[in-house]
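Each remark here refers to the structure printed beneath this line.
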Amino acid sequence: MTPQQINTLQRIGQAILETIAAAGVLGAPSGPMYAALVAHGLTLDQYQQIMGQLERKAFVACQSYCYTITPAGEAFLAKLKQVAT
């Protein structure tokens, strides 16, 4: 993976986690998040891979197609923000 690809994935991950965190306890619905990302060229397969990875790492939890951020996800988001600056 090139440094540019890594940077792009970090920015996508940060945007997704920020969106989920902003949604609060009710969670961020998967459909609108996917629609927003597909408008920028992300495929369904890519979206599912990213969200699956975030779930496997326990950065997010999904219930009824709504994602909430976990404490581990909040910590990871803070690290991503540091890298971005």
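We use all heavy atoms of the structure for the numbers below, so side chains are in, but hydrogens, waters and symmetry mates are not. The shown structure was predicted, so the numbers you read here are calculated from the model rather than taken from an experiment.
- Between Val60 and Tyr67, the shortest heavy-atom contact is CG2-CD2, 3.8 Å.
- Follow the hydrophobic side-chain contacts under 4.5 Å out from Tyr65 and you never reach Ile16; the two are in separate clusters.
- When all heavy atoms are compared, the tightest approach of Cys66 to Leu26 is CB-O, 4.0 Å.
- Between Ala28 and Thr19, the closest heavy-atom pair is CB-O, 4.3 Å.
- Of the options Glu18, Gln10, Arg11, a side chain to side chain donor-acceptor pair (under 3.5 Å) to Gln14 is made by Glu18 and by none of the others.
- Under the 4.5 Å side-chain contact rule for hydrophobic residues, Ile12 and Leu44 share a cluster.
- Residue-environment remark: CD (Gln63) stays at or below the threshold of 12 foreign heavy atoms within 6.0 Å.
- Rounding to the nearest 0.5 Å places SG of Cys62 at 9.0 Å from CD1 of Ile20.
- Tyr34 contributes atom OH, which lies 7.5 Å from atom CG of Leu42 (distance to the nearest 0.5 angstrom).
- One finds the CE atom of Met33 at 10.5 Å from the CD1 atom of Ile50 (value rounded to the nearest 0.5 Å).
- For the side chain to side chain donor-acceptor pair (under 3.5 Å) condition, the pairs that include at least one residue of residues 46-57, sequence neighbours left out, are Ser30-Tyr47, Thr43-Gln46, Asp45-Gln49, Gln53-Arg56.
- Taking both residues in full, the closest heavy atoms of Leu17 and Gly73 are given as CD1-O, 4.1 Å, listed atom of the first, atom of the second, then distance.
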